[in-house]
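Input: a single structure, listed below in structure tokens.
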Amino acid sequence: MPYGTTYNVDTLELLTSYEAYGRTLVELGTAHPEVVVLTADLSRSTRATDFFTAFPERAFNLGIAEQNMVGCAAGLAASGLVPFVINIATFQTMRSFEQIRSDFGYPRLRGVFMSIWSGLSGGYVGATHHAIEDMALMRLIPNMAVLAPANSEDTAAATRAAYDYPGPVYIRIANAMDPSGNEGNPFVLGSMAVTHTGSDATVIACGAQVTDANRAARRLAEDGITVRVLYCHTLKPLDTAAVLAAARETGAIVTVEDHTTIGGLGGAVAETLAEAGAGTRLVRLGVPDVYAPIGYAPELYAHFGYDADGIARAVRQATSGAG
Amino acid sequence: MTAPAQRSDDLVRALEARAREIREQTIRLGVKSGSTHFGGSLSMVDVLVVLYFYVLRIDPQRPQWEERDRFILSKGHGATSYCPVLATAGFFPAGMMDDINHLGSAFGMHIDMRKIPGVDMSTGSLGHGLPVAVGMALADRVQKKDRRVFCMMGDAEQNEGSIWEAAQAAGHFKLGRLCAIVDRNRYSSEGDTEEILAIEPLHEKYAAFGWEVRRLDGHSIPALLDAFAALPTHDRTKPTAIIADTVKGKGVSFMEAGATWHYGALSEEDEAKAIAEIRGGAGSR
């Protein structure tokens, strides 16, 4: 049984985000002969198989050797090719961090680091496979763009945008993603989209959590609390104007991310608010500087209070002045 | 690219003279730097000279020429001799190095591909070069080119696990146009490699990973010319590892003393002494 099959949402879109980028890779590969794909023995589980079948001479399984894989990707990039490096988020960002930083970030080589199993979306895979530090680590690297699309359509859009970006790009995607979340907004790298309108508070969410943020906003509206939901698919470069507008125009800000609350979306928003001198109340939802227990992903999100119920609870507390 | 028959004593003498020039420039640039990695910069000079002034297919007027052979200095701390080699080859005027280490200079302790013409990959952190070289060799295959890729590594750098990940990949993918060189000067920063974390038997290790291995005197111009002339042709599938036995600090007697001159600063008096020795061809061998 695939991971995440107990994800209890209305219109579950299980694993189709992987299929979306798999298809997009083939599309990009067809249009651009310089696209190459590298994996560390994960082509099947990351749905890169279509590219491997379509372009075997441009697809490389480099075995379970992540440092070499990223170094090779840099060698390919320095030769004029555009590598898409596909891996599980935690290994992608930590096993080969220095290669990403010094071989891609420093010389600003083009390359896309496509990572699956973001946050706790792997559920019971346990802490070794939970990627709760990846966005913070990638944000640290100069020249790097950091993307966290919310659904399969945007995963495809992010993959295309990453190809066009003039430097390295990190993209994280979750195991299970709901097709909703963007409400027809076009994907524009570097800008946030408003997916729900309101003025009592703003919820800024990234990745699959955008769906839960929208769900929470709809529930709160029934109780007369109106919430602006900002879909932050680009953590870097961050749309600081949208953050500061939310601080001016709404009462409180709640950030939601499937990631440690340190250094990711909550961290980026906190830095923006503090530097601007905005005294807005800020609540950061996510994993609170601990390793997560074993559990199915939805159970873990409820456990840490960033499922739809938890987000609604946090907004109520932030807008009532309690808590 | 060159059969042994094409070599002449004149060529050998010219390359030896070029090596002396580069060693002298290394000392001068090191002094300008304040302090630097003299030992490992001097040990690899002869290999660099044979590559850059005879073997490599390059065009210094077109540093980004697509068809050029690639060279990666994985031991990026060897910049003190490598940058003078690039300047002498004509990639940039030597005067460009005058502001070395100062704010905004293209030149510091390690090398930056975005700032220094002729540098194919930014390096500094050990263990990065061979994976990148493997990627460049794979790129040749994707792009259907006949470029060769050379990667110069340090010997203590062989302690890095990423080197062996790359060695594994080069053997597996049968990258016959890849050549790795190990500057086997026997000493790391703190002492004898075999006492710190033994790397030998290096020949057997690379052979076991599917490489063709040659071990030679890394200061013998004829031996280096022969080794590079024998590099695999198109139909050969094994990557080549050249283990170049060298002397750390080669060419300056007081620097040829183990790990002592891995890194350091030269007094004016010692600078003059070093240059006199290099010009006189003194030192070991």
Side-chain angles (χ1 to χ4, degrees), chain A residues 29 32-41 51-52 54-85 87 91 95-111 141-143 166-168, chain B residues 63-72 74 76 108 110-116 119-145 147 149-151 153 160-173 175 177-178 209:
Chain A
H32 308 288
E34 71 274 24
V35 169
V36 292
V37 169
L38 296 81
T39 79
D41 203 32
F51 190 95
F52 273 71
F55 306 107
E57 74 289 356
R58 286 193 266 149
F60 301 99
N61 183 346
L62 286 148
I64 309 162
E66 295 83 0
Q67 293 184 73
N68 179 59
M69 173 167 68
V70 175
C72 280
L76 289 156
S79 306
L81 298 166
V82 181
F84 282 70
V85 183
N87 206 344
F91 310 134
R95 203 61 184 260
S96 46
F97 179 79
E98 203 201 32
Q99 277 78 13
I100 297 177
R101 183 256 190 203
S102 293
D103 300 348
F104 273 93
Y106 175 36
R108 196 171 189 169
L109 287 172
R110 281 174 74 193
I141 298 175
N143 294 329
Chain B
Q64 297 299 318
W65 180 37
E66 210 189 334
E67 310 297 326
R68 73 191 186 279
D69 287 339
R70 305 298 152 97
F71 176 85
I72 298 169
S74 192
H110 303 104
I111 50 174
D112 186 327
M113 66 188 280
R114 298 298 193 202
K115 296 179 181 148
I116 305 174
V119 171
D120 288 326
M121 188 67 200
S122 302
T123 53
S125 177
L126 297 176
H128 284 237
L130 196 59
V132 173
V134 168
M136 288 179 173
L138 290 173
D140 293 348
R141 195 166 283 182
V142 172
Q143 296 168 323
K144 300 185 170 51
K145 300 290 184 186
R147 300 174 299 225
V149 183
F150 296 84
C151 178
M153 295 180 283
E160 291 280 9
S162 52
I163 294 293
W164 297 100
E165 288 186 9
Q168 207 171 210
H172 175 83
F173 287 101
L175 302 177
R177 306 189 65 73
L178 172 67
F209 278 68

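Letters A, B, ... mirror the listed sequences (proteins, then strands); counts begin at 1.
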Proximal component of A/A78, with respect to chain B [non-hydrogen, under 4.5 Å]: both
Part of B/Q64 within contact of chain A (heavy atom distance under 4.5 Å): neither
Part of A/E34 within contact of chain B (heavy atom distance under 4.5 Å): neither
Interface moiety of B/D140 toward chain A, non-hydrogen atoms closer than 4.5 Å: neither
Rounded distance (nearest 0.5 Å) linking atom SG of A/C72 with atom CG of A/L38: 7.0 Å
Max heavy-atom pair count under 4.5 Å with chain A, selected residue of B/Q143, B/K115, B/M121: B/Q143
Any donor-acceptor pair under 3.5 Å from B/T123 side chain to B/S74 backbone: no
Region of A/I64 in contact with chain B, defined by heavy-atom distances below 4.5 Å: neither
Heavy-atom contact with chain A under 4.5 Å, split by part of B/R70: side chain
Most contacts with chain A, counted as non-hydrogen pairs under 4.5 angstrom, among B/L138, B/V149, B/I72: B/L138
Lys/Arg N to Asp/Glu carboxylate O, B/R147 vs B/E67, below 4.0 Å: no
Partners meeting ring-ring contact (aromatic ring centres under 6.0 Å, His included) with A/F91 (sequence neighbours left out): A/H129
Evaluation steps, side chain to side chain donor-acceptor pair (under 3.5 Å), between A/Q67 and B/H128: CA-CA 8 Å; A/Q67 293 184 73; B/H128 284 237; over 6 Å; no
Option in B/V142, B/I163, B/L130 with maximal non-hydrogen atom pairs under 4.5 Å from chain A: B/V142
Those residues that, when tested against A/F60, pass ring-ring contact (aromatic ring centres under 6.0 Å, His included) (two or more places apart): none
Toward chain B, the part of A/V70 with a non-hydrogen atom under 4.5 Å: neither
Check: A/R110 side chain, A/A77 main-chain N or O, donor-acceptor pair, under 3.5 Å: no
A/G105 backbone acceptor or donor facing A/R108 side chain under 3.5 Å: no
Chain A contacts, top residue of B/A133, B/A169, B/A139 (heavy-atom pairs, under 4.5 Å): B/A139
